[in-house]
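A, B, ... follow the sequence lines: proteins, then strands. Residue 1 opens every chain.
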2 protein chains.
Amino acid sequence: MDDLFDDLDRSSPVPLYFQVARQIERAIELGKLPPGSRLENEIHLADRLGLSRPTMRRAIQQLVDKGLLVRKRGVGTQVVHGQVTRPVELTSLHDDLAANGQRPGTTVLVHEVVPAAGEVAARLAVPEGSPVLHLRRLRCSGEEPLAVLENWLPEPFTDIAEASLAERGLYQLLRSRGVGMRVARQRIGARRGTAEECQLLAEHRGSPLLTMERATHDDSGRAVEWGRHVYRASRYAFEVTLVDR
Amino acid sequence: MDDLFDDLDRSSPVPLYFQVARQIERAIELGKLPPGSRLENEIHLADRLGLSRPTMRRAIQQLVDKGLLVRKRGVGTQVVHGQVTRPVELTSLHDDLAANGQRPGTTVLVHEVVPAAGEVAARLAVPEGSPVLHLRRLRCSGEEPLAVLENWLPEPFTDIAEASLAERGLYQLLRSRGVGMRVARQRIGARRGTAEECQLLAEHRGSPLLTMERATHDDSGRAVEWGRHVYRASRYAFEVTLVDR
DNA sequence: GTCAAGCATATGTAAGGACAAAGGGACATG
DNA sequence: CATGTCCCTTTGTCCTTACATATGCTTGAC
């Protein structure tokens, strides 16, 4: 129990609270902190690690936000029961697949610059008629088609090359251009696929599909991307963790 | 611009950071802080309100977590563009409907105590064979059927009366019993409805439905509830806000 | 005129102290 | 036996201070 923590690296650019949070997370994953077990109290922990209480609290808070720990005043901090399911981060389907060891593939169906109109202009918060890049891609996992992704991007992203989209995910491309994506609002629903969608996705006509609309904003609050995606319900589901504070 | 903030109530049990966060949120809703506008810097704000910077930071952080604000080091804090959609909190469908001015109705289809088995026991983290309350309810909005809700609850909630479920939502009932729900993990997908589901929901046979599995944990990390819900895709969708930190 | 260094500005990280409030158990009291 | 009170533990809130670091603009050298 005393060797739960490795030493901290105070010279590292990685914040201390983050290092501590990762170590606790690992301890939970490795079963050193089984579900339901109580952590030492904040003061002792901070003391043992040579940290201040605020820093220790911040580390714990990060895991509370992730849904791994729960705190109760006067009682302590405990590990949540139930299997750990990795909650969705701000990632794209491409990243998710790659992280799971699958081989994501992309076919670009549409790649054109068009004037923004109607809902696209509204969602991207750009004037009607301003140029936006319109994309439509078929995303596969290995040989299996998985989703049809339709996206619109405002300036200055309208120059993204078609070739670069074949190899990398949209989020990856944006990140490599220095875009810091911060907030995404998603609306998840379901509907019957159109004849064309079902054909692309190798589903029977009229199969149920999972739909997702998403607007992503960068660290200046500007809209970076708006998209309408449809997923094969037989192969895909969204996982969400909600935390009350 | 100077009268953005009312006075704070330091004698109130509502934390100061929370009071400030609510005031900023209201200012955004009322358009006093339009999308893209920059807030004063933290130090000035804290100064003007007679608060310390950590407290001010915490108020801002709360709104960043909600997806209303974005911060950039060296630059400042700005209001996110795009219409504000209230993100899902840890509430039930019943609460959501009531909050939107609709009149939620419930028909209890199944209400029985059964021994936990298989997935139910695993998800609730209780031993196989221990008693659990099994519920199946049809949830309506006004006269329209909206969802079929199937839930399992472990001890000590197996004594929830059938009559109480007709009037109030499950979350409301649990809260009134002093249960502090903290973490919920959801898995959202889609599939074709069964013949029975479609009949209950007044949909055509084989209509696409939105599915949700959810496990809710209380402030001790124990499982409070596990459920499988199906929603009419034509009337319902989930909204989720993701924030990167 | 162009580019780089430097400065001002803002948020990010961290320490350390103080008091408040809730939970739970021990204990006294009815 | 039940119930209320006190106390201990633990998290919640709040203040003050200091330094680190990313950004964007200005200034100065070439």
Side-chain angles (χ1 to χ4, degrees), chain A residues 8-22 24 37-65 69-80 175 178-180 182 218-222 243-245, chain B residues 8-22 24 37-65 69-80 177-180 182 218-222 243-245:
Chain A
L8 299 174
D9 181 359
R10 294 190 94 94
S11 68
S12 160
V14 178
L16 292 175
Y17 71 86
F18 195 86
Q19 293 183 42
V20 175
R22 270 194 48 83
I24 299 177
S37 61
R38 268 203 14 244
L39 264 69
E40 261 182 275
N41 79 50
E42 301 175 349
I43 311 218
H44 286 167
L45 280 176
D47 226 42
R48 275 224 333 242
L49 293 172
L51 296 170
S52 66
R53 181 154 85 112
T55 302
M56 194 65 223
R57 269 183 75 76
R58 186 158 178 189
I60 293 175
Q61 185 63 46
Q62 193 163 78
L63 299 182
V64 171
D65 291 343
L69 299 177
V70 285
R71 300 208 260 202
K72 206 157 43 163
R73 179 192 302 207
V75 177
T77 306
Q78 290 175 288
V79 180
V80 173
R175 254 188 265 271
V179 180
R182 283 298 155 80
D218 71 0
D219 46 18
S220 300
R222 279 191 305 257
V243 178
D244 198 32
R245 279 195 289 185
Chain B
L8 300 175
D9 181 359
R10 294 191 95 94
S11 68
S12 161
V14 178
L16 293 174
Y17 71 86
F18 195 85
Q19 294 183 40
V20 176
R22 270 194 48 83
I24 299 177
S37 62
R38 269 205 9 244
L39 265 68
E40 262 181 273
N41 77 50
E42 302 175 345
I43 311 217
H44 286 167
L45 280 176
D47 227 41
R48 275 225 332 244
L49 293 173
L51 294 170
S52 67
R53 183 154 85 109
T55 302
M56 195 65 224
R57 268 183 76 75
R58 189 160 174 188
I60 293 175
Q61 185 62 47
Q62 195 163 76
L63 299 181
V64 170
D65 291 344
L69 300 177
V70 285
R71 302 207 258 202
K72 204 157 48 162
R73 179 192 299 207
V75 178
T77 305
Q78 289 175 287
V79 180
V80 172
R177 289 177 61 143
V179 181
R182 284 298 156 79
D218 71 0
D219 46 19
S220 299
R222 280 194 305 257
V243 178
D244 199 31
R245 281 195 288 184

query: Near DNA chain D, which residues from residues 14-21 of chain B have a heavy atom under 4.0 Å away?
result: B/Pro15, B/Leu16, B/Tyr17
- line: Between B/Ser52 and A/Ile43, the residue closer to the 5' end of DNA chain D by nearest nucleotide is A/Ile43
message: Quick check: on DNA chain D, is the nucleotide nearest B/Met56 upstream (toward 5') of the one nearest A/Pro13, or the reverse? Name the residue that is more 5'.
response: B/Met56
message: Closest approach to the side chain of A/Val75, judged atom by atom: which nucleotide of C/dT11, C/dG23, C/dA22 is it?
response: C/dG23
message: Checking contacts here: which listed nucleotide (C/dA15, D/dT21, D/dT11) is nearest the side-chain heavy atoms of A/Arg73?
response: D/dT11
Just the rounded figure in Å: distance from [atom2] of [N] to [atom1] of [X].
{"X": "B/Ile60", "N": "C/dT11", "atom1": "CD1", "atom2": "P", "result": "7 Å"}
{"X": "B/Arg57", "N": "C/dA10", "atom1": "CZ", "atom2": "C1'", "result": "10 Å"}
{"X": "B/Arg71", "N": "D/dT23", "atom1": "CZ", "atom2": "P", "result": "16 Å"}
{"X": "A/Glu42", "N": "D/dT11", "atom1": "CD", "atom2": "P", "result": "4 Å"}
{"X": "A/Asp47", "N": "C/dG16", "atom1": "CG", "atom2": "P", "result": "10 Å"}

[N] phosphate, OP1 or OP2: any side-chain N/O from [X] under 4.0 angstrom?
{"X": "A/Arg10", "N": "C/dA15", "answer": "yes"}
{"X": "B/Thr77", "N": "C/dT11", "answer": "yes"}
{"X": "B/Thr55", "N": "D/dT13", "answer": "no"}

- prompt: What is the minimum heavy-atom distance between B/Glu40 and B/Leu45, and which atoms define it?
  reply: O-CD1, 3.5 Å
message: Looking at the base of D/dG12, is there any donor atom on it, or on the side chain of B/Arg58, that sits under 3.5 Å from an acceptor on the other one?
response: no
message: Ignoring hydrogens and geometry beyond distance, is the side chain of A/Arg53 in donor-acceptor contact with the base of D/dG12 at under 3.5 Å?
response: yes
message: Applying a 4.0 Å non-hydrogen cut-off, can you work out what A/Gly180 is touching in the nucleic acid: base, sugar-phosphate, or nothing?
response: nothing
query: How would you label the contact of B/Pro54 with the nucleic acid (heavy atoms, under 4.0 Å): base, sugar-phosphate, or nothing?
result: base
query: Does B/Gln62 use its side chain to pair, donor to acceptor, with the backbone of B/Phe18 at less than 3.5 Å?
result: no
